[in-house]
Engineer: 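Can you read through this structure? Questions will come right after.
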Amino acid sequence: VDDPETETVKAVLTLARTLSEPLREALLLRDIQGLSYDEIAALQEVPLGTVRSRIAAARLAIVRGLER
Amino acid sequence: MTDHPTVEQLSAFIDGELSLASREAAIAHIRACPGCAARQDELIEVAAALRSRSALAWTEASTERVLARVASESAARRTASTRRDLTLPIAGAVALVAAVALAIVAPGVARGGLSGSGFAAIAALAPGGGLLSGHFLLALLLVAALGLAALPLIRTR
């Protein structure tokens with residue numbers, strides 16, 4: 001039997017898979033790879049502000065998915 | 001901060017990507033606003049879940065794709081820098097040719113004295129004329145130097 005923490009991780013990962021590619025990639029590079037916003041901006045070839053909004057949108061979508 | 005921080009600000013705050021002033025304002029606001037504190041906790045829960053040990057088991061195809069893309073892009077960057085690095089050996093080769101030319105010409109100039117022109121000095125090196133005459137030697141060296149200088153232009157195409 002999985003503990004509640006593992007359950008949360010699973011739920012977050014499942015929800016992360018439903019994100020659009022740019023959002024999921026930005027979130028992955030940030031939280032799994034541990035890259036800075038500057039590094040993600042260079043990698044995705046977008047302005048820093050776009051990285052900020054992509055990561056925030058990705059997290060908000062997952063938060064809303066968990067609330068359901 | 002009188003206004004509630006945006007989700008973007010709360011999210012960037014978690015990542016330590018807010019400026020010092022914005023960070024201090026966010027901290028002050030979150031302390032005084034239970035709504036924003038709750039939202040902040042939710043965002044932290046998501047970030048913490050992804051950063052946890054068990055999240056490393058995330059072997060979805062998209063992860064592989066991202067990593068493959070990052071790897072191929074850095075490999076492409078390495079190839080590009082290798083190509084740029086050719087400039088130095090080529091410049092070295094051109095410098096070597098110039099040095100050889102100078103070594104041949106300089107003694108001639110010295111021998112030719114102040115009154116003699118450079119060309120006459122080179123010609124004096126090969127008194128017999130013909131293929132080894134000074135003019136021919138100079139032309140040969142110029143062609144070689146130009147050819148080496150043109151090499152990068154040919155390679156980048």
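Labels below follow one simple rule: chain letters A, B, ... track the order of the sequence lines, proteins then strands, and each chain is numbered from 1.
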Engineer: Given the rule in the salt bridge (charged side-chain N to carboxylate O under 4.0 Å, His left out) test, do A:Arg64 and A:Glu67 qualify, once you have shown the distances and angles that lead to the verdict?
Structural biologist: CA-CA 5 Å; A:Arg64 288 191 175 141; A:Glu67 281 167 356; 5.5 Å; no
Engineer: By a 4.5 Å heavy-atom criterion (distance strictly below it), what part of A:Val63 contacts chain B: side chain, backbone, both, or neither?
Structural biologist: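 Its backbone and side chain both get close to chain B.
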Engineer: Counting only heavy atoms closer than 4.5 Å, note whether B:Ile14 contacts chain A via side chain, backbone, both or neither.
Structural biologist: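 The side chain, not the backbone.
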Engineer: What's the shortest heavy-atom distance between B:Ala26 and B:Leu18, and which atoms?
Structural biologist: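 Minimum heavy-atom contact is CB-CD1, 4.3 Å.
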Engineer: Taking B:Ser52 for its side chain and B:Ala49 for its backbone only, find out whether a donor-acceptor pair lies under 3.5 Å.
Structural biologist: yes
Engineer: Counting only heavy atoms closer than 4.5 Å, note whether A:Leu66 contacts chain B via side chain, backbone, both or neither.
Structural biologist: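 For A:Leu66, the contact with chain B is made by the side chain alone.
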Engineer: Checking the side chain of A:Gln33 only, and the main-chain atoms of A:Arg30 only, is there a donor and an acceptor separated by less than 3.5 Å?
Structural biologist: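 Such a contact is absent between A:Gln33 side chain and A:Arg30 backbone.
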